[in-house]
Amino acid sequence: MDNRTLARMLTLVLLLTAGLASAQVDYLPLATGNTWNYITDAGLYETRVITGQTTVFDQDAWVMEYPGSPWNDVLDQYWSVADNGDVLFHGYWREDWGRVYDPPLLVVDAPLELGQAWSTTVDSYALPDLEYLSTFTIFYEVSEAGTYDVPAGSFEAFGVGTVEPPVVEKDGRRYSVYGELMVPGYRTTSDWWSLGVGLVQYVHVEFLQLESYQIGTVAVQDHTWSGVKSLFE
């Protein structure tokens with residue numbers, strides 16, 4: 001192999017490595033404009049959309065809003081994804097009150113597998129004045145795994161639930177640690193996560209399933225190692 005051919009091969013290997021890195025797939029794709037539309041059996045809709053970025057305790061986070069939701073229209077949530085794929089929840093704001101957590105809640109301990117369990121202990125602070133409220137531990141467990149058929153299609157997903165999740169009582173109503181309105185009868189499995197898509201179904205006040213979604217992607221040319229080698233044969 002001459003030096004010119006070797007240089008070409010090394011260049012392609014570097015391109016392949018860079019392409020794989022930029023093609024990282026997360027359980028919660030985060031980019032401005034990413035949108036998920038959900039529907040209940042009764043035909044009620046809830047939309048989640050990423051509207052921009054913010055900082056929580058000097059950590060970068062993405063803002064998720066719920067425009068037009070019958071339950072969470074005033075809700076803003078703050079999410080991020082770590083380099084290893086973990087999904088982190090930093091807090092929320094509901095019109096004139098909210099909560100933030102330090103450290104953020106580890107909502108998805110990537111990669112997920114059936115039977116997996118983890119916990120996270122956080123300090124909770126009230127918004128807007130950052131008054132310390134409490135320290136609590138929340139426990140997660142992957143209790144389901146399989147292919148789930150929802151209006152948007154069929155998706156491989158993992159059902160993640162919390163064990164006796166802490167709730168917020170305010171003005172006679174109950175809210176989850178994510179700021180979502182809740183009612184009695186909270187199910188063990190509450191969120192079904194699909195890699196590269198996000199939530200395909202979930203429960204708070206109602207059981208909602210993904211009807212449609214729009215996720216911005218970066219086109220990456222797919223090269224396998226055998227395909228790279230074939231270029232020199």
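We're numbering straight along the sequence, starting at 1. Please read all numbers here as calculations on a predicted model, not as lab measurements.
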Ring centroid separation Tyr175 to Trp71 under 6.0 Å: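 Not close enough - the centres of the two rings lie 6.0 Å or further apart.
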Ring centers of Tyr132, Tyr125 separated by less than 6.0 Å: yes
Rounded to the nearest 0.5 Å, how far apart are [atom1] of [X] and [atom2] of [Y]?
{"X": "Trp193", "Y": "Asp26", "atom1": "CH2", "atom2": "CG", "value": "11.0 Å"}
{"X": "Thr47", "Y": "Glu211", "atom1": "OG1", "atom2": "CD", "value": "9.0 Å"}
{"X": "Leu44", "Y": "Glu206", "atom1": "CG", "atom2": "CD", "value": "6.0 Å"}
{"X": "Ser190", "Y": "Gln201", "atom1": "OG", "atom2": "CD", "value": "11.0 Å"}
{"X": "Phe155", "Y": "Gln209", "atom1": "CZ", "atom2": "CD", "value": "10.5 Å"}
{"X": "Leu208", "Y": "Thr40", "atom1": "CG", "atom2": "OG1", "value": "6.0 Å"}

Mark yes or no for whether [X], through its side chain, and [Y], through its backbone, hold a donor-acceptor pair below 3.5 Å.
{"X": "Ser194", "Y": "Val197", "answer": "no"}
{"X": "Ser69", "Y": "Pro67", "answer": "no"}
{"X": "Trp118", "Y": "Leu106", "answer": "yes"}
{"X": "Arg99", "Y": "Tyr92", "answer": "no"}
{"X": "Tyr27", "Y": "Leu112", "answer": "yes"}
{"X": "Asp86", "Y": "Ala110", "answer": "yes"}
{"X": "Asp73", "Y": "Gly68", "answer": "yes"}
{"X": "Asp102", "Y": "Phe57", "answer": "no"}
{"X": "Asn72", "Y": "Leu181", "answer": "yes"}

Donor on one side chain, acceptor on other, Ser176 and His204, under 3.5 Å: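 The answer is no; no qualifying pair exists.
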More than 12 heavy atoms from other groups under 6.0 Å of CD on Gln214: no
Within 6.0 angstrom of Asp41 CG, more than 12 heavy atoms from elsewhere: no
Side chain to side chain donor-acceptor pair (under 3.5 Å) contacts in which one or both residues fall within residues 56-67, not counting sequence neighbours: Arg48-Tyr66, Thr51-Glu65, Tyr66-Gln77, Tyr66-Glu180
Worked check of side chain to side chain contact (heavy atoms under 4.5 Å, CB included) between Val100 and Leu130: CA-CA 8 Å; Val100 286; Leu130 288 182; 3.6 Å; yes
Residues that Glu131 engages under salt bridge (charged side-chain N to carboxylate O under 4.0 Å, His left out), provided they are two or more places apart: none
side-chain hydrogen bond (donor to acceptor under 3.5 Å, both in side chains) against Tyr202, all qualifying residues, sequence neighbours excluded: Glu46
Residues forming a side-chain hydrogen bond (donor to acceptor under 3.5 Å, both in side chains) with Tyr213, sequence neighbours excluded: none
pair Val122-Thr135: side-chain heavy atoms closer than 4.5 Å: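 The answer is no, as the side chains (C-beta and beyond) never meet within the 4.5 Å cut-off.
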Remaining members of hydrophobic cluster (4.5 Å side-chain criterion), Tyr45: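 Tyr45 clusters with Ile39.
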Same apolar cluster: Ile215 and Tyr38, side chain cutoff 4.5 Å: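 Ile215 clusters together with Tyr38.
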side-chain contact (heavy atoms from CB on, under 4.5 Å) partner of Tyr140, chosen from Asp191, Leu105, Asp109: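 The residue from Asp191, Leu105, Asp109 that satisfies side-chain contact (heavy atoms from CB on, under 4.5 Å) with Tyr140 turns out to be Leu105.
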Residue pair Val63, Trp93: steps toward the side chain to side chain contact (heavy atoms under 4.5 Å, CB included) verdict: CA-CA 10 Å; Val63 180; Trp93 174 256; over 6 Å; no
Over all atoms of both residues, closest heavy-atom pair of Pro29 and Asn34: O-ND2, 3.1 Å
Residues forming a ring pair (Phe, Tyr, Trp, His ring centres under 6.0 Å) with Phe136, sequence neighbours excluded: Tyr101
